[in-house]
Number of protein chains: 2
Amino acid sequence: MSQKTLNSVKSCGTAVSCQDCTLSSLCLPISLDGHDVDRLDAIIKRGRPFQKSHTIWRQGDDFQSVLAIRSGSVKSFVTSPSGEEQIVGFHFAGELIGLNGLFKKKYPISTVALETTTVCDIPYDSLDALADDLPELRDQILHSMSQEISEDQQMMLLLSKKTSDQRLATFLVSLSERFHRRGYSATRFRLTMSRNDLGNFLGLAVETISRIFSKFQQQEILRFIDSSRDIELLDMDTLYELADLQDSVQRPCGSKSAS
Amino acid sequence: MSQKTLNSVKSCGTAVSCQDCTLSSLCLPISLDGHDVDRLDAIIKRGRPFQKSHTIWRQGDDFQSVLAIRSGSVKSFVTSPSGEEQIVGFHFAGELIGLNGLFKKKYPISTVALETTTVCDIPYDSLDALADDLPELRDQILHSMSQEISEDQQMMLLLSKKTSDQRLATFLVSLSERFHRRGYSATRFRLTMSRNDLGNFLGLAVETISRIFSKFQQQEILRFIDSSRDIELLDMDTLYELADLQDSVQRPCGSKSAS
DNA sequence: CGAACTTTTGACAGGCTTCAAGACCGGTGG
DNA sequence: CCACCGGTCTTGAAGCCTGTCAAAAGTTCG
């Protein structure tokens, strides 16, 4: 295994500083000079890991801080008054969560750990004060929120217009690109969420997810390795064709067969 | 008609200033003192109205400005590579559009006028410069984007989990609250979008929309006045029950029958 | 007043959900 | 080490909600 595997954030013990953190270029890719990083470093708290299924915050909780995920993964969901839940996103190492709580000072969504997950805690008060002085940080926050809006709108298109096959293909391709961008394999990774979560997120029944995975395996579009959670994507061309995705960045693995 | 009607923005000729505009409290509800309003006023351009079906900007166009809608209404949609369109929002007088273009400096969605529509044009360069000095304006922008995220996530829940009846009820209740908040009638308004647009937005076929409207009329939940675009909501209780909405603000018209 | 478009209504079909049952998996304790 | 147990995942059969196709009725506007 020459590829680094997920969830192995190098030397991220409680004592490590932002400057030394392997995620620094991911979680806050802003052009802070040494002094600024120190200031950010000073306000960040590093707590103990969250266990699988732990609720990190609940919809309606008072907004306290933004979290940078250092390892592990989480799901975020909204709950309707009648109790129906809709997963609106999965987040992995190197991603920032909780930003949209700063409007109304309450978290608008619940967030739960999908596996053992470690985070950096950035208390809002300090972040707010720091942002006043740092235009780059403000831009970074705007950037994150803007991107979230675009992603959510792509999800609306998916939920409104795509067939079940296309939905699953879109999801896999998106995950693939996301992992690739962070330096992990684009074709082989672990699905840390259950089939249930996947179905919920994609607007499909669990059984449908399962059936499509079976079909995709038959068609040799993908395969599972050992468990039903470790996946290898075999036919990216077909997946991309099905996904009909906005060219987010660029196809990570090879060019399309013809072009 | 004691109620003011939609699209009648009092004395909003090309010469009116922000200070005198009847929308000022809506489009930029920020605590600017007189001097600041003058500065904002100076950078705003008031163009001629857009005609129905006019494309205000297209997905991928260079980001130039944010628009405040003074009268009329628009639809915004994303387009997938294969050409499928998904309407992601409708916007009415007093609302700000185009904000999420400031990430990537391109508009991520297309926007088209649903009827004759007038706007105030706020060029980005000047807005950006102004925002540097005005924390309130920055907060307002963050606030808008944060709200958009929450709304989009509610739409994901709708598209993923709700039946066609619930979707239409949710839409009507949302519109009702939106109009009410802006001082218009909560029970009687004009649907400026076509059944087609409505179906597209709600993830349903045009025919389904039409059928549900017919059913709702039979059940005396609503009725149409003169045309198929002018609607009156008769049974808000049933609509709210169907909608299963997050208590956005508060029921505008009367309390629920029991409580 | 007619052409083009929007809206409505009906009949039918299909994709996905629901219901049900069995297989598989991971963790625990004897 | 292996049997057991709860949960997850898979697979099959049946049914329903909504989409599709088709045509008529209504609306808009030159």
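By convention in this document, chain letters (A, B, ...) are assigned in the order of the sequence lines, proteins followed by strands, and residues within each chain are numbered from 1. Source: prediction; values computed, not measured.
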Could you state the [atom1]-[atom2] distance from [X] to [N], rounded to the nearest angstrom?
X	N	atom1	atom2	answer
B:R190	C:dT6	CZ	P	14 Å
B:I212	C:dT7	CD1	P	15 Å
A:N196	D:dT10	CG	P	12 Å
A:F213	D:dT8	CZ	C1'	14 Å

If we fit an axis to the first five pairs and another to the last five of the helix from C:dC1-D:dG30 to C:dG30-D:dC1, what angle do they make, to the nearest 10°?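 Between the first-five-pair axis and the last-five-pair axis there is 40°.
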Are a donor atom and an acceptor atom from the side chains of [X] and [Y] found within less than 3.5 Å of each other?
X	Y	value
A:T208	A:S164	no
B:S73	B:E115	yes
B:T170	B:K162	yes
B:T79	B:E84	no

Tell me what A:L204 touches on the nucleic acid: a base, only sugar-phosphate, or nothing, going by heavy atoms under 4.0 Å.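 Sugar-phosphate contact only.
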Which part of the nucleic acid, if any, lies within contact of B:G203, taking any heavy atom under 4.0 Å across all strands shown: a base, the sugar-phosphate backbone alone, or nothing?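 Sugar-phosphate, no base atom in range.
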Heavy-atom contacts under 4.0 Å between residues 216-230 of chain A and DNA chain D, which residues?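 Listed by number, they are A:S228, A:R229.
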Find the distance between [atom1] ([X]) and [atom2] ([Y]) and round it off to the nearest 0.5 Å.
X	Y	atom1	atom2	value
B:L159	A:M155	CG	CE	9.5 Å
B:Q147	A:I149	CD	CD1	10.5 Å
A:L99	A:L67	CG	CG	10.0 Å

List in numerical order all residues of residues 158-169 of chain A for which some heavy atom is under 4.0 Å away from an atom belonging to DNA chain C.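 The stretch gives A:T163, A:S164 as the residues lying under 4.0 Å from the strand, ordered by number.
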Could you tell me how the ring of B:F92 sits relative to the ring of B:F179: parallel (under 30°), tilted (30 to 60°) or perpendicular (over 60°)?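 The arrangement is perpendicular - the two ring planes meet at more than 60°.
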Protein N or O to nucleotides 9-12 of chain C N or O, pairs below 3.5 Å:
from: C:dT9; atom 1: OP2; to: B:S214; atom 2: OG; distance (Å): 2.3
from: C:dG10; atom 1: N7; to: B:R211; atom 2: NH1; distance (Å): 2.9

Between B:M193 and A:I209, name the one whose nearest nucleotide on DNA chain C is closer to the 5' end.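 Mapping each residue to its closest nucleotide by heavy atoms, the 5'-most match is B:M193.
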Does atom CZ of A:R229 have more than 12 heavy-atom neighbours, drawn from other residues, nucleotides or ligands, at distances under 6.0 Å?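 Count over threshold, so yes.
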Is it true that, when you exclude B:K106 itself, more than 12 heavy atoms of the residues, nucleotides or ligands shown sit nearer than 6.0 Å to its NZ?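 For B:K106, atom NZ is crowded (more than 12 foreign heavy atoms under 6.0 Å).
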Of the nucleotides D:dT10, D:dG19, C:dT17, which one has an atom closest to the side chain of A:R195?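 Out of D:dT10, D:dG19, C:dT17, the nucleotide with an atom closest to A:R195's side chain is D:dT10.
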Does anything in residues 200-216 of chain B pair up under salt bridge (charged side-chain N to carboxylate O under 4.0 Å, His left out), and if so which pairs, sequence neighbours excluded?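 Those involving residues 200-216 of chain B are B:D165-B:K215.
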Only counting residues at least two apart or in another chain, list the ones meeting ring pair (Phe, Tyr, Trp, His ring centres under 6.0 Å) with B:F50.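 If we apply the ring pair (Phe, Tyr, Trp, His ring centres under 6.0 Å) test to B:F50, skipping adjacent residues, the hits are B:H54.
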Lys/Arg-Asp/Glu bridge criterion (N-O < 4.0 Å) met for A:E85, B:K161: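 Salt bridge absent between A:E85 and B:K161.
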